[in-house]
Amino acid sequence: MLRIAVPNKGMLSEPAWNMLAEAGYRLRSNSRQLVVEDPDNDIELFYLRPLDIAVYVGRGTIDVGITGRDLLLNSGTEAVEHMPLGFGASTFRFAAPAESPINRLEDIDGKRVASSYDKLVDDYLKARGIHADIIHLDGAVESSVQLGVADLIADVVSTGTTLRNAGLRVFADPILHSEAILIRSPRVTENDERLTILGRRIQGVLTAQRYVLMDYDIPVSKVAAAVEVTPGFESPTISPLHDKQWAAVRVMVPREKVNQLMDRLYEVGARGIIVTALQASRI
C-alpha cells in the first residue's frame with residue numbers, strides 16, 4: 001500500500017485535496033480525520049503539517065508527499081522531487097530597508113538575515129561564498145528589521161505589497177522559484193509501479209485542468225488551414241459529415257487560448273464551434 005502525505009492546512013492543502021479527489025482517490029470525511037485508508041486504490045492518505053511532510057517522506061515511512069519546493073529544500077532530508085504540480089507558485093527573495101546600503105548579494109556578507117527558511121537561505125549564500133548570520137523566525141518576518149533582530153530578510157514574495165508596507169524593498173536575483181511538488185522517499189525508486197500509477201493519474205488531472213475539448217465543423221477544403229490553428233497533441237480527430245463537403249473536427253486545445261482559437265477558426269471558415277471541459281485524461 002502506497003503511503004501518501006498531504007498538507008492538512010495552508011495554501012497548498014485545498015488544491016492538493018481537489019487534485020487527488022479528481023484523480024479518483026478517497027479523502028477524509030471530516031477535519032479531525034488524519035488518516036484515510038483507500039483499499040480500492042491501494043493507498044493510505046496521511047494529513048500532516050506542511051512543514052513536516054518532507055521530513056516524514058525523507059526520514060520516515062511515508063512513501064510520497066505533496067509539499068512546496070521551498071519546504072523540501074529547507075527540510076534537509078533526502079526526499080526527492082518527483083514532479084511539479086503546477087499550483088502554489090511563489091518566489092523567494094531577499095529584502096532590505098529602503099534606505100539601506102544593502103543592494104547586492106555581496107552586501108549580505110556579515111549581515112543578519114531573518115527567515116523562516118534558514119537552511120535554504122544558508123545553503124544558498126554559502127554556495128556563493130557569502131557568510132551571514134541566519135536568524136530563524138516562525139511566521140511573518142517583515143518586522144524583524146524594524147525591531148532590531150535582523151539587517152534584512154529572506155521571504156516569499158508575491159506582489160511585494162506587504163514588504164513595501166513594512167518599508168522593505170527586494171534586491172538581487174530570486175533565491176528560488178517554488179511551487180507545489182510531488183516528492184518521494186529515497187526508498188521509493190523513480191520507476192516504482194505504484195508511483196507510476198499515481199503520477200499518471202495526477203498528470204491526467206493537470207492536463208484536464210489546462211486543456212479543453214473543442215469540436216467544430218469545417219468545409220473539407222479548409223481542413224488543412226483549420227488543423228494549422230488547432231494541431232492538438234498528435235493530430236485532431238476528423239470525421240466526415242452527411243454533407244460530404246463538410247467535416248467534423250475534435251481536438252484538445254489549451255484552456256487559456258480558447259477564445260483566440262475560436263476567433264481564428266471562425267475566420268478560417270469553421271462553424272458550430274463548441275468547447276467541453278475535461279475532468280480527467282491520460283495522454
*Hey, does H82 have a side-chain heavy atom less than 4.5 Å from the side chain of V64?*
no
*Decide if atom CD of E14 counts as having more than 12 heavy atoms of other residues, nucleotides or ligands within a radius under 6.0 Å.*
no
*Does atom CZ of R282 have more than 12 heavy-atom neighbours from other groups under 6.0 Å away?*
yes
*May I ask you to check if R59 and Y56 form a cation-pi contact, with NZ or CZ under 6.0 angstrom from the six-membered ring centre and within 45° of the axis?*
no
*Are V275 and M252 connected in a single hydrophobic cluster, I mean Ile/Leu/Val/Met/Phe/Trp/Tyr linked by side-chain heavy atoms less than 4.5 Å apart?*
no
*Hey, quick one: are V80 and V57 part of the same hydrophobic cluster, counting side-chain heavy atoms closer than 4.5 Å, chains of contacts allowed?*
no
_Close side-chain approach of L182 and L85, heavy atoms under 4.5 Å_ = yes
_Pair R112 + D151, salt bridge at N-O below 4.0 Å_ = yes
_Quick check with a 6.0 Å cut-off and a 45 degree axis cone: is R93 positioned over the face of F171's six-membered ring?_
no
*H136 and D138: side-chain donor and acceptor closer than 3.5 Å?*
yes
*Has the side chain of N191 got a donor or acceptor atom that lies under 3.5 Å from a matching backbone atom of T189?*
no
*May I ask you to decide if the ring planes of Y211 and F233 are parallel, tilted or perpendicular, using 30° and 60° as cut-offs?*
tilted
*Does D215 come within less than 4.0 Å of R250, counting only side-chain N to carboxylate O?*
yes
_Student check: side-chain heavy atoms of V170 and V157 closer than 4.5 Å_ = yes
*Looking at side-chain heavy atoms only, is the closest gap between M19 and I66 below 4.5 Å?*
yes
_Checking side-chain polar atoms at under 3.5 Å, does R194 have a donor or acceptor matched by the opposite partner on N41?_
no
*asked:* Would you say L73 ends up clustered with I183 if hydrophobic residues are merged whenever their side chains have heavy atoms under 4.5 Å apart, either directly or through other cluster members?
replied: no
*Any side-chain heavy atom of V268 within less than 4.5 Å of one from Y266?*
no
*Regarding R271 and the six-membered ring of Y216, is the cationic atom NZ or CZ under 6.0 Å from the ring centre and inside 45° of its axis?*
no
*Can you tell which of D42, I43, I62 makes a side-chain contact (heavy atoms from CB on, under 4.5 Å) with L2?*
I43
*Does the side chain of M11 reach to within under 4.5 Å of the side chain of F87, using non-hydrogen atoms?*
no
*Is Q146 atom CD crowded by more than 12 heavy atoms from other residues, nucleotides or ligands, each under 6.0 Å away?*
no
*Check: L125 and L105 side chains under 4.5 Å, non-hydrogen atoms*: yes
*Using a 4.5 Å cut-off on heavy atoms from C-beta on, say whether the side chain of V258 contacts that of V253.*
yes
*asked:* Can you tell me which residue among S178, S75, S116 is in a side-chain hydrogen bond (donor to acceptor under 3.5 Å, both in side chains) with D70?
replied: S178
*Indicate if L72 and V55 have the same hydrophobic cluster label, given that clusters are the connected sets of ILVMFWY residues with side-chain heavy-atom separations under 4.5 angstrom.*
no
_Under 4.5 Å between side-chain heavy atoms, counting indirect links through other Ile/Leu/Val/Met/Phe/Trp/Tyr residues: same cluster for L163 and I102 or not?_
no
*Would you check if the side chain of E22 reaches a backbone N or O of V205 as a donor-acceptor pair within less than 3.5 Å?*
no
_When you measure from the side chain of R26 to the backbone of E37, do you find a donor-acceptor pair of N or O atoms at a distance under 3.5 Å?_
yes
*Does the pair D107/K111 count as a salt bridge with the N-to-O cut at 4.0 Å?*
no
*In terms of heavy-atom contacts, does CD of Q33 have more than 12 from other residues, nucleotides or ligands at under 6.0 Å?*
yes
_Quick one: does any side-chain atom of R3 pair with a main-chain N or O of E44 as donor and acceptor, under 3.5 Å?_
no
